[in-house]
Amino acid sequence: MQRIGVFVCHCGSNIAATVDVAKVAEMALMEPGVVHAEDYQYMCSEAGQAKIAEAVHEKNLTGVVVCSCSPRMHEATFRKAAERAGLNPYMVEIANIREHCSWIHKDMEEATKKAVILMRAAVAKVNLNTPLKEGESRVTKRALVIGGGIAGIQTALDIADAGYEVDIVEKTPSIGGRMSQLDKTFPTLDCSACILTPKMVEAAAHEKITIYTYSEVEKVSGFVGEFTVDIRKKARHVDMDKCTGCGVCQEKCPSKKAPSEFNRGLNKRSAIYTPFAQAIPNVPVIDCDNCIKFKTGKCGICAKVCQAGAIDYEQQDEILTEKYGAIVVATGFDTINLEKYDEYAYSQSPDVITSLELERVMNAAGPTHGHLERLSDGKAPKEMVFIQCVGSRCSDDRGKSYCSKICCMYTAKHAMLIRDKYPDVNVTVFYIDVRTPGKNFDEFYRRAVEQYGVNYIKGQVGKVIPQPDGKLLVQASDLLDNQQILKEADMVVLATAIEPNPDVRKIATMLTASIDTNNFLTEAHAKLRPVESPTAGIFLSGVCQGPKDIPETVAQAGAAAVKAVGLLAKDKLMTNPCTAHADELLCNGCSTCENVCPYGAITYEEKEVNDHGIREVRRIANVNNALCQGCGACTVACPSGAMDLKGFSNRQIIAEVDAICR
Amino acid sequence: MQELKDRARELLADGTVKRVLGWKIGDLPYNPEPAYFETEESLKDFVYNGFCGANLSKYMIEASKLDGKTMVCLKPCDTYSFNQLMKEHRVDREKAYIAGVGCKGKLDIEKIRKQGIKAIERIEGAGICDEAETLKIQTVYGEKTCAYADAMLERCHVCKGKEHKIYDELIGESKETADADRFDEVAAIEAMSPEEKFAFFQKELSKCIRCNACRNVCPACSCRKCVFDSTKFDSSQKANVDSFEEKMFHIIRAFHVAGRCTDCGECSRVCPQGIPLHLFNRKFIKDINELYGEYQAGEDTGAKAPLTDYTFEDAEPSIVGKRG
Amino acid sequence: MSIEKKEFRPKIVAFCCNWCSYAGADLAGSSRLGYPADVKIIRVPCSCRVNPMFILRAFEKGADGVIMCGCHPGDCHYSTGNYYARRRMTLLFSMLDYIGVENGRTRVEWVSAAEGVKFSDTMNEFVEKIYSLGENVRLGDLRCRS
Amino acid sequence: MFKIAKENLAALFRMIAKNQELYLPVRTAGQVNFAAWSEDAKVDLDTLKSVKSPKDAFFPQSEGLYTVKKEGKKMKVEPENLKDQPFVVFGMKACDVKGLEVLDRVFLSDPVDTFYAARRDHGTVVALACHEPEETCFCKVFGVDAAEGAADVAAWMIEDELYWKPLTEKGDLLTETVKELLSEADEGKVEEEKEAIHRITERLPYMNLSLEGWNGDALSEKFDDPRWEELYKPCLACGTCTFVCPTCQCYDIKDYDTGRGVSRYRCWDSCMYSDFTMMAHGNNRTSQMQRFRQRFMHKLVYYPANNDGMYSCVGCGRCVEKCPAALNIVKVVKAFQNQGGEN
């Protein structure tokens with residue numbers, strides 16, 4: 001039997017004006033287990049807390065009920081006070097008689113009656129409370145960053161600069177990501193490569209950073225502080241240590257028919273290739289699907305011309321197993337597939353391109369060496385049309401419901417750059433809204449309109465029709481002038497919606513990180529924990545969490561790094577003691593709980609149990625306290641009631657129900 | 001049946017299985033009991049006929065703990081239960097040699113008795129090979145007849161089909177027996193007024209004696225210890241002291257097996273008071289089908305169970321009031 | 001013995017998740033948005049912690065109405081808890097309706113931490129509904145009534 | 001000997017029920033069980049066996065013992081009232097009447113169960129002969145005469161008339177109260193009916209079951225028999241057999257928190273349940289085999305050992321009809337007969 005003390009707070013007149021606090025204290029003494037009850041002006045004050053401590057000592061209290069404001073306000077305060085008095089902090093329960101009672105009821109008698117019932121419920125619960133202890137778990141002082149774009153690079157650099165080892169796993173042959181494909185950046189028109197390349201070099205050179213390119217995360221187990229990750233290093237067929245990056249192999253490679261991923265398939269590359277000149281590492285990979293040697297067994301020219309002898313056709317995939325304390329997801333984005341938007345003729349005309357393709361066209365290292373020209377006939381365009389929101393803000397299931405956020409600004413940038421370099425080219429932008437919130441964004445857009453004479457038309461394009469003469473007929477409506485427009489264009493650029501990298505779903509499953517219907521990783525709290533996944537130890541960096549531009553990505557990357565560092569800086573993790581646990585004699589081993597756990601906290605083990613003399617090996621649920629966040633989904637899923645939640649046990653909640661209903 | 005018996009004998013003889021889980025001939029014409037046969041000699045008592053309604057899949061929980069394989073005779077509907085138990089890691093596929101036995105509808109002795117047939121001495125036409133449309137029943141009070149279909153268990157009239165969902169070998173032929181819609185009874189109750197619904201269930205459930213036969217026979221109620229037998233929810237009761245308790249028991253039981261119940265109909269078959277307990281489970285199945293998409297528990301071992309799954313667009317609980 | 005006809009005061013249990021609805025109730029309180037004292041709140045970590053047995057238990061012990069509040073779908077602190085809760089409660093309520101218990105006695109409402117007004121409105125509405133339904137006689141244990 | 005026309009039975013029941021409670025077989029939702037008579041009750045005297053035995057009229061499935069009420073921090077104990085009004089149970093079969101004798105030996109021997117004793121004192125039993133006994137019946141094995149129940153009043157339904165014969169003082173008293181509806185009759189038809197019943201019982205398959213070897217002295221021989229290990233296997237561990245049985249007498253005592261106090265009640269328990277006789281250390285019967293064995297050992301060995309050889313089975317056959325796994329006491333007895341495995 002508990003020895004419970006009940007402390008009723010006046011909260012000045014906040015409670016006492018509508019609740020007869022003395023009466024609540026008096027009634028408390030009637031409750032089973034209650035050996036002490038008193039009321040006081042301000043329980044949260046030092047004097048009030050001292051009263052709790054005093055009663056704990058004098059009356060040997062084993063449990064405390066404070067009838068006061070919301071537990072969301074002062075539960076922590078009173079738990080600490082109890083702990084200082086030598087009581088387990090989890091032996092304290094709060095009856096919320098302010099927000100849920102005195103503040104909303106006017107009639108004193110009624111409010112007092114309700115306060116008494118709330119007090120009873122809290123007493124009934126404390127009678128069943130048990131001391132809980134926070135768990136501890138180790139922290140491996142190493143972080144993993146999945147994705148080597150600007151988000152991943154920045155996160156890695158910040159973690160490494162804080163003094164922790166960090167590994168980057170990048171799927172493609174080089175780090176750099178989408179940003180390396182961009183020509184200029186808004187709103188400053190910095191050259192993208194000029195600001196990205198130094199970061200890439202810095203990351204590669206950093207003694208705390210290890211980069212695994214052409215590698216993928218294969219398996220993740222463990223939990224916050226101690227993840228075990230299998231990384232598949234795909235066979236490059238080029239020895240990283242021997243290769244000097246001279247590039248002769250790529251030059252001599254007879255197979256040059258593979259579309260260049262880096263240039264969005266606008267031109268071709270060799271079968272042995274580095275994606276771009278500044279690639280890090282500057283070591284090519286052999287694309288086995290296009291390599292003559294791998295396809296026919298004949299050729300081997302690269303091996304012959306490689307003076308370093310770095311070519312290794314026998315190389316196999318390699319699996320590395322590493323341990324990490326924290327994992328940052330920075331898997332970035334891609335543009336959506338446009339097959340559902342055939343009205344824009346993307347598949348029909350090479351002169352209809354996406355904005356990202358335009359970046360490559362505008363780039364000196366791109367397929368046209370930076371000349372703006374039609375990809376069909378190489379002619380310089382005179383009329384250019386930009387179509388906004390292709391697949392963004394879409395109300396049907398063809399596209400995405402969200403705003404891709406970056407398109408308005410990069411389109412302004414493209415329009416401005418074209419008008420600047422080719423003043424004779426007319427640029428028309430069809431838009432729904434122009435969204436320019438951001439530092440210097442609206443000024444930038446206005447410059448495009450006012451200074452560079454870009455023609456912005458509010459209206460949606462219905463159709464792009466390729467003409468026999470190679471021109472493109474754009475059918476649109478002008479919503480402001482309320483008229484139909486037919487416009488001939490030489491090139492059409494589609495501001496294609498962006499979506500999370502399709503691989504992210506696989507990764508999220510491995511990490512048990514939750515993902516929304518658009519495949520963006522879910523943050524732990526939309527406002528207050530935007531760079532953390534609900535799964536402890538998993539952090540989010542960049543567009544994998546939601547559409548962002550570069551500065552936001554970098555900012556978030558830094559924030560994710562700080563969160564990760566905050567975790568790595570700890571030697572031990574204290575875990576929430578209100579976790580689920582399975583009664584091994586009742587557990588059926590049915591896996592139902594495992595199926596509803598959002599954190600992957602439940603695993604099963606074959607365990608010998610002694611069930612009242614019957615010894616047998618059973619499949620029993622095992623809750624990892626470091627992972628369990630205490631939601632309780634498993635406790636209801638469990639049909640036998642084997643799974644219960646500490647601090648909110650079935651019997652505790654039932655006791656509250658009973659107390660309220662009696 | 002001879003074919004089945006012969007196979008059992010062969011499998012025992014060649015050591016493929018250590019025992020056979022089937023039915024043993026009863027001492028009345030209609031009461032074969034589930035039984036293990038470990039020797040070829042013991043198989044002389046093996047029987048498979050129209051009265052072998054018992055779903056043997058649940059017995060495989062215990063049989064999975066035994067050494068060696070057990071040949072288990074499963075009717076088409078029983079295989080759903082086996083799959084479901086496998087999904088829940090309660091039976092071991094490796095320990096089972098599943099003989100998918102044919103089924104032509106199983107008989108309900110209560111339905112025969114309901115027709116005033118009593119003091120039964122002999123029943124002809126219940127054998128699995130008999131193509132009898134009519135049962136010939138010899139009683140102390142003279143010879144009676146009863147159409148096979150009229151003596152069939154309710155569940156056979158709404159049979160899910162005679163396809164075995166899991167088996168090692170199929171033995172014997174089946175005959176389709178479904179001639180009614182599975183959800184008609186539920187729909188009829190749904191159409192009642194709240195007062196009528198309440199009166200209907202109150203009347204049915206007032207018969208409940210809390211013998212737990214429905215629970216203990218149920219392959220989905222395979223908890224090592226039922227919540228109603230443990231102190232976990234302070235819900236342990238042995239009798240219906242009050243009409244609330246029988247409702248609590250049956251609602252919670254149905255809830256705990258929601259999405260897991262294969263609708264094998266054993267609960268209704270065994271209820272000594274003839275309570276149509278399947279109406280609870282089938283209501284949940286109907287709701288799940290309507291709200292979350294068609295789902296048949298035990299159809300396979302892969303699909304995500306409806307209560308461990310969700311979509312963003314799921315119906316709100318307020319739909320209950322709106323459906324009228 | 002003279003039996004005085006007592007005014008019906010319902011017993012209403014509200015399960016509120018800690019992160020959204022309980023905070024919503026707090027906000028209703030700090031905004032002084034009143035609702036009848038018949039409502040008593042039980043704090044649970046998440047709506048997915050609410051076992052149908054708790055709800056039946058409340059009715060058994062004499063509750064006249066039970067309402068469960070949680071984070072809006074998509075906003076669950078634990079990502080998915082309210083999705084499970086939503087399916088569980090839908091099925092449970094449907095079953096209660098099926099056995100003839102008035103479906104107005106149970107309700108689920110999603111209330112965010114910012115929705116003090118909604119919390120108060122919801123409770124006012126729910127209490128009114130319970131008043132109109134009167135005492136719960138179909139789903140209670142008689143021993144708790146004497 | 002009296003008689004009353006079948007069409008006047010409703011009047012008879014009304015007259016009995018005027019002054020006391022009357023329990024009789026009533027059909028509810030398709031099943032016949034003993035229930036209190038009311039004008040709307042669908043009385044069913046044709047169905048041979050009620051699903052549950054009528055033992056709850058004397059030993060209810062659950063009954064309150066006392067209530068503890070809380071007043072502040074003090075407790076007040078309010079015992080449940082004992083039965084103090086007369087009541088009638090009409091239509092019990094001979095086997096069920098014999099079942100009461102089995103219960104009497106348990107509840108009326110020292111220490112006397114006052115709740116049961118009060119009910120026995122106030123209850124009058126009218127037994128109805130089994131017009132058409134069934135294949136599951138084996139009452140004769142236990143010396144029960146299906147044709148005449150050893151109750152306060154014996155009754156026979158013969159064609160369109162109910163014959164009524166008081167056998168005890170209580171029976172006489174009851175007869176007095178309804179005499180105006182009864183007319184005198186001779187025993188001729190009843191004797192014919194009895195003979196007819198006896199002829200049928202001879203033909204029933206279980207009626208000549210031999211209980212050889214089952215007695216109070218057979219304890220260790222039967223207890224250690226390896227056959228139990230096989231017999232129990234189909235058992236689902238439900239309580240159907242115990243709850244339909246007219247002689248099972250085990251009960252559990254439980255507390256219910258009403259919010260204002262604690263109501264202590266007892267309810268039938270079943271030795272088939274895993275928590276039967278559960279104690280602080282656990283359970284002394286840990287396997288289903290042991291629990292299964294307990295039931296039959298109790299009926300056929302332990303009870304006779306303590307009750308001058310009387311078995312605590314009356315051959316009503318309800319367990320034969322209702323066991324979900326088609327197990328029953330007859331199969332158990334038979335299993336012990338076949339040494340060589342011959343049926």
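The structure presented is a predicted model; accordingly, all values stated were derived computationally and were not measured. Naming convention: chains lettered A, B, ... in sequence-line order (proteins, then strands); numbering from 1 in each chain.
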Quick one: pull up OG in Ser270(D) and CZ in Arg210(B) and give me the separation to the nearest 0.5 Å.
12.5 Å
Which atom names give the shortest non-hydrogen contact between Pro34(B) and Ala325(D), and what distance separates them?
CD-O, 3.5 Å
Spacing of Thr28(D) atom OG1 and Lys207(B) atom NZ [to the nearest 0.5 Å]
8.0 Å
Taking only Lys NZ, Arg NE, NH1 and NH2, and the carboxylate oxygens of Asp or Glu, determine whether Arg122(B) and Glu135(D) approach each other closer than 4.0 Å.
no
Is it the backbone or the side chain of Pro32(B) that comes under 4.5 Å from a heavy atom of chain D, or both, or neither?
backbone
Between Phe200(B), Tyr59(B), Tyr141(B), which shows the greatest number of heavy-atom pairs under 4.5 Å with chain D?
Tyr141(B)
Could you tell me which residues in residues 35-49 of chain D have at least one non-hydrogen atom under 4.5 Å from a non-hydrogen atom of chain B, sorted by residue number?
Asp46(D)
If we define contacts as heavy-atom pairs under 4.5 Å, which of Glu63(D), Lys52(D), Glu132(D) has the most with chain B?
Glu132(D)
So which part of Lys225(B) gets closer than 4.5 Å to some heavy atom of chain D, the side chain, the backbone, both or neither?
side chain
Closest approach of Lys334(D) to Asp27(B) (non-hydrogen atoms, all atoms of both residues):
NZ-OD2, 3.1 Å
Which answer fits Glu245(B), side chain, backbone, both or neither, if we ask what part of it has an atom under 4.5 Å from a heavy atom of chain D?
side chain
Those residues that, when tested against Phe51(B), pass ring-ring contact (aromatic ring centres under 6.0 Å, His included) (two or more places apart)
none
For chain B, which candidate among Met278(D), Lys254(D), Lys331(D), Gln61(D) shows the most heavy-atom pairs at distances under 4.5 Å?
Lys331(D)
For Glu62(B), which atoms come within 4.5 Å of any heavy atom of chain D: side chain, backbone, both, or neither?
neither
For a quick test of reading the model, state the closest non-hydrogen atom pair linking Ala119(B) to Pro133(D) and the distance between them.
CB-O, 3.8 Å
Using a cut-off of 6.0 Å, state whether more than 12 heavy atoms not belonging to Lys65(B) lie near its atom NZ.
yes
Best-contacting candidate, Ala213(B), Ser230(B), Cys271(B), against chain D by heavy atom pairs under 4.5 angstrom:
Ala213(B)
Counting only non-hydrogen atoms closer than 4.5 Å, does Glu121(B) touch chain D with its backbone (N, CA, C, O), its side chain (CB onward), both, or neither?
side chain
Please rank Leu21(B), Asp229(B), Ile209(B) by heavy-atom pairs under 4.5 Å with chain D and give me the top one.
Ile209(B)
Most contact-rich option vs chain B, by heavy-atom pairs under 4.5 angstrom, among Asp269(D), Leu327(D), Thr136(D), Leu204(D), is Asp269(D)
Within residues 228-246 of chain D, which positions have a heavy-atom distance to chain B below 4.5 Å?
Lys233(D), Pro234(D), Leu236(D), Ala237(D), Cys238(D), Gly239(D), Thr240(D), Phe243(D), Val244(D)
Please classify the contact between Lys24(B) and chain D as side chain, backbone, both or neither, with a heavy-atom cut-off of under 4.5 Å.
neither
Spacing of CG belonging to Asn31(B) relative to CD belonging to Glu321(D), to within rounding of 0.5 Å:
11.0 Å
Go through the steps to decide whether Gln273(B) and Lys322(D) satisfy the test side chain to side chain contact (heavy atoms under 4.5 Å, CB included), and finish with yes or no.
CA-CA 9 Å; Gln273(B) 290 279 26; Lys322(D) 295 298 182 184; over 6 Å; no
If you count heavy-atom pairs within less than 4.5 Å of chain D, which of Ile275(B), Asn216(B), Leu28(B), Val217(B) leads?
Asn216(B)
Taking only residues two or more places apart in sequence or in another chain, which ones pass side chain to side chain contact (heavy atoms under 4.5 Å, CB included) with Lys18(B)?
Asp67(B)
Spacing of CD belonging to Glu204(B) relative to CD belonging to Gln31(D), to within rounding of 0.5 Å
8.5 Å
At a 4.5 Å cut-off on heavy atoms, which part of Val32(D) comes close to chain B: side chain, backbone, both, or neither?
neither
